Amino acid sequence: MSFLGISNLLAIARSGDYGKLMTLDGILSTISPVIPFLLILELLRAVFYKRFKIEDYKVPFLIFVANRVISRFISIAAIAFCIGLLEPLAIFKTTFTWYWLIYGYIIWEFGHFIYHYLGHKVRLFWCLHSTHHAPEKMNLSVIYSHFFLEAPYADVIRTSICILAGVNPPLLFFIMFIDGTWGAFIHAGENLLKDGRLGFLNKIILTPSHHRVHHAKNPLYMDTNFCNLLNIWDKLFGTFQDEKKEIAIEYGITRKINARNFFDVYFGEFACLARDIKKAPGLKNKILYILKPPGWSHTGDHKTASVIKKNMRHEGNPLQYRNFGKMPEETGVN
Ligand SMILES: [Zn+2]
Ligand SMILES: [Zn+2]
């Protein structure tokens, strides 16, 4: 019941008071089951077209079960703590109106961009985020593939930025709800939505197509499209990338990984980092491994995403990951 998100709807149906559907609570209760419903539809379509492979869904679901209780609990506590601590320091106060919603959403996207950018550019945070990038097929179950500490860390950054910028808590929760729903929908895989561009919307907002690009390990696509719904910050900071017809998306991360093994997906990057720290000479190098982007090496032989992109441009490579030659095997670059 909780997975399907229909308990509130059932309560309304039981009480017979359908007027409640028009309240904010009622609207939220109606939208909540959409993603779980789409996930089931995606599974059924995959089965129907005989493309269903249990392996494509198994690991994210195991992770979902592992995360469910503990991650939620820490996240809610972290959000409450940030609001209590930072609300008195807000630069001004906003109210629950449509224009403040637009303002709040732009600020929220900025917070999301910061959290997500760090998740890709700081090795320690990449250890938390890589669980989400490990799946080698895109489908709605990828929504649940997260390291349990990632949500609390993301929420601390996003909530702090929003509260300091004056976004009031009810508005913030509303934005979080839209963000969560859209953020889930953009993981709709090819089984559900063949062309993720959504027509003209592809020009205005961030679509499943953009997020597929984000999950790709092709050099051109790596470290792009960090936003969730409004991709203004990607366009402003130069990390925006459209899906190119001639470059087929290859999902996953670039290190050697067994994407069907729960432990490799969940702890693999930590093990790689620990190995790099162990072999690094001197304390400074050890700390740099934690803070530098994935692929950074104390030997100067960096295989970070930006170095790979630079080399690719230099060599006029046909932009395909498989054509790039030897890729790093020990560190995750994404
Ligand atoms: Zn990411
Ligand atoms: Zn994603």
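These figures come from a predicted structure and were not determined experimentally. Note that these values count all heavy atoms, side chains included, but never hydrogens, waters or copies made by symmetry. Index from 1, following the sequence. Each ligand, and each atom within it, is numbered from 1 in the order the structure gives.
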Of all residues at least two apart in sequence or in a different chain, which pass the salt bridge (Lys or Arg N to Asp or Glu O under 4.0 Å) check with Asp234?
none
What orientation do His187 and His132 show, parallel under 30°, tilted 30 to 60°, or perpendicular over 60°?
perpendicular
Angle subtended at the Zn ion (ligand 1) by His116 NE2 and His120 NE2, rounded to 10 degrees:
100°
For the pair Phe113 and Phe237, name the ring-plane relationship: parallel under 30°, tilted 30 to 60°, perpendicular over 60°.
tilted
Can you count the protein N/O/S atoms lying under 2.8 Å from the Zn ion (ligand 2), leaving waters out?
4
Does any donor atom in the side chain of Asp223 or His120 lie under 3.5 Å from an acceptor atom in the other side chain?
yes
Taking only distance into account, with no hydrogens and no angle test, what donor-acceptor pairs under 3.5 Å do side-chain atoms of residues 81-95 form with protein atoms, sequence neighbours excluded?
from	atom 1	to	atom 2	distance (Å)
Thr94	OG1	Gly166	O	2.7
Thr94	OG1	Asn168	N	3.1

Asp195: what forms a salt bridge (Lys or Arg N to Asp or Glu O under 4.0 Å) with it, not counting sequence neighbours?
Arg197
